[in-house]
Number of protein chains: 2
Amino acid sequence: MAAQERNTRDRLLDAFEKLLVTAGSRAATLDAVAAEAQVSKGGLLYHFHSKDQLVDGMLTRLREQGRADVEKMRTAKKGPVDFYLTTSINTGSDFDRALIAAGRIAQENDSRASDALGDLREWWFAVLLDHLQDESLARTIQLIGDGLYFDDTTGLNEKNALKHVRDVLTRLGAL
Amino acid sequence: MAAQERNTRDRLLDAFEKLLVTAGSRAATLDAVAAEAQVSKGGLLYHFHSKDQLVDGMLTRLREQGRADVEKMRTAKKGPVDFYLTTSINTGSDFDRALIAAGRIAQENDSRASDALGDLREWWFAVLLDHLQDESLARTIQLIGDGLYFDDTTGLNEKNALKHVRDVLTRLGAL
DNA sequence: TTTACTGTACCGTCTGGACGGTTTACATTC
DNA sequence: GAATGTAAACCGTCCAGACGGTACAGTAAA
């Protein structure tokens with residue numbers, strides 16, 4: 001009975017995210033989420049009364065994780081640009097998973113998810129702009145980050161992508 | 001009965017893509033596709049005996065569209081870089097829709113879709129590399145294109161994004 | 001006659017959700 | 001400190017509707 005660090009609620013959200021990321025939204029059913037979290041369906045519905053509430057719970061947690069990430073980015077040793085690009089590649093962290101999961105939900109026409117993702121993007125951009133004082137460069141770097149992120153989530157992983165980007169950004173004096 | 005340009009088979013594929021893009025894969029059911037194309041369910045299953053065959057049909061058409069797009073990119077008046085970036089933004093063309101739709105399918109762990117998208121990416125990259133003769137720059141530009149594409153499909157539309165990218169790429173001498 | 005459908009009636013499985021228990025931890029009362 | 005109460009944290013089962021797919025009878029044009 002020991003060795004179970006996270007509480008059930010978080011484990012359910014973890015399971016929901018994992019299914020969304022690895023198998024897509026069609027596979028992320030209540031039954032599947034409950035099974036993945038090793039909880040009965042009744043147990044799931046005790047914590048989240050509907051699938052909608054599951055989504056809400058996930059997005060609320062995402063915003064919290066996002067605030068922490070932005071803070072880390074702002075104070076990163078190697079600077080926010082390097083931090084942003086490095087973490088745009090899916091490292092398999094909890095935050096990465098939550099981000100990808102929210103993307104899946106956003107695609108189902110769910111404005112709650114698009115809003116959350118849009119807010120995160122604004123926070124990141126503000127840090128980039130504050131550091132670079134160059135809107136075009138900040139926007140372009142954000143797009144590169146989006147590209148890295150997109151490639152990762154679509155399984156189009158190009159191993160040396162980050163190296164090439166660093167090369168180009170060095171030419172621009174942005175790194 | 002006139003005024004119906006496309007044949008039923010294509011209209012079914014169009015409807016499938018449209019549903020995938022605007023409402024996500026959960027909404028793209030056989031019933032919904034048939035209704036969207038104004039065809040009976042029996043009619044749909046006459047052309048495509050299963051949902052799998054619908055996907056196959058879509059991906060086959062996508063590769064054809066892709067070959068045409070790469071050819072246009074190679075011979076574009078303003079050069080392949082400008083063409084690639086401009087068309088990375090969703091213009092609402094048939095090809096854009098097919099691309100986004102395939103992305104949705106790829107996320108459901110469907111390797112056929114990932115393979116098709118991977119091939120397209122390789123074709124584009126080959127043209128960029130051939131034109132620029134600079135791997136880092138070519139990769140970075142492809143990432144920017146992916147970023148533009150990603151933002152568009154996630155509803156994170158930044159209106160002036162392309163302007164900013166052009167600005168930065170001009171500094172690099174890539175445009 | 002063949003091709004290209006429409007329309008209806010099904011079937012088995014999956015899905016979101018409702019509901020009625022059960023166990024455990026802890027507080028309250030006597 | 002034994003008896004009682006109560007709320008949290010579940011489990012297991014059931015159900016209506018949706019889903020992918022089948023089957024088939026009929027129609028209308030080429």
What integer distance in Å separates [X]:[atom1] from [N]:[atom2]?
X: A/N7; N: D/dA9; atom1: CG; atom2: P; value: 9 Å
X: A/R11; N: D/dA9; atom1: CZ; atom2: C1'; value: 12 Å
X: A/E108; N: C/dT15; atom1: CD; atom2: P; value: 14 Å

- N/O donor-acceptor pair under 3.5 Å between B/E17 side chain and B/M58 backbone: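 Answer holds: no.
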- Query: Counting only N and O atoms by type, is there a donor-acceptor contact under 3.5 Å from the side chain of A/R104 to the main-chain atoms of A/V21?
  - Reply: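 Judged by distance alone, yes, a pair lies under 3.5 Å.
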- Item | Sole residue of B/V127, B/D130, B/L129 in side chain to side chain contact (heavy atoms under 4.5 Å, CB included) with B/P80 |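 The passing option is B/V127.
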- Item | Nucleotide nearest B/S40 when distance is taken to its side chain, options D/dC11, C/dT6, D/dA9 |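 Output: C/dT6.
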- Task: Would you tell me whether B/T86 and B/R166 have side-chain atoms, one donor and one acceptor, within less than 3.5 Å of each other?
- Result: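 Yes, because at least one side-chain N or O of B/T86 sits under 3.5 Å from a partner of the opposite role on B/R166.
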- Message: Looking at A/H47, I'd like to know whether one of its side-chain N or O atoms comes within less than 4.0 Å of OP1 or OP2 on D/dA9.
- Response: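 Answer is no, no contact under 4.0 Å.
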- Task: Establish, with yes or no, whether the OP1 or OP2 oxygen of D/dC10 is under 4.0 angstrom from a side-chain nitrogen or oxygen of A/Y46.
- Result: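 Answer no for this pair, as no side-chain N or O of A/Y46 is under 4.0 Å from OP1 or OP2.
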- Item | B/F16 CZ to B/L13 CG distance, which is reported to the nearest 0.5 Å |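 Reported to 0.5 Å precision, the distance equals 8.5 Å.
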- Query: How would nucleotides 20-30 of chain D be written as a contact map, 5' to 3', with B for base contact, S for sugar-phosphate-only contact and - for no contact, using protein heavy atoms under 4.0 Å?
  - Reply: BBB--------
Only pairs under 3.5 Å count here: list side-chain donor-acceptor contacts from residues 64-73 of chain B, not counting sequence neighbours, and write none if there are none.
from: B/D69; atom 1: OD2; to: B/W124; atom 2: NE1; distance (Å): 3.0

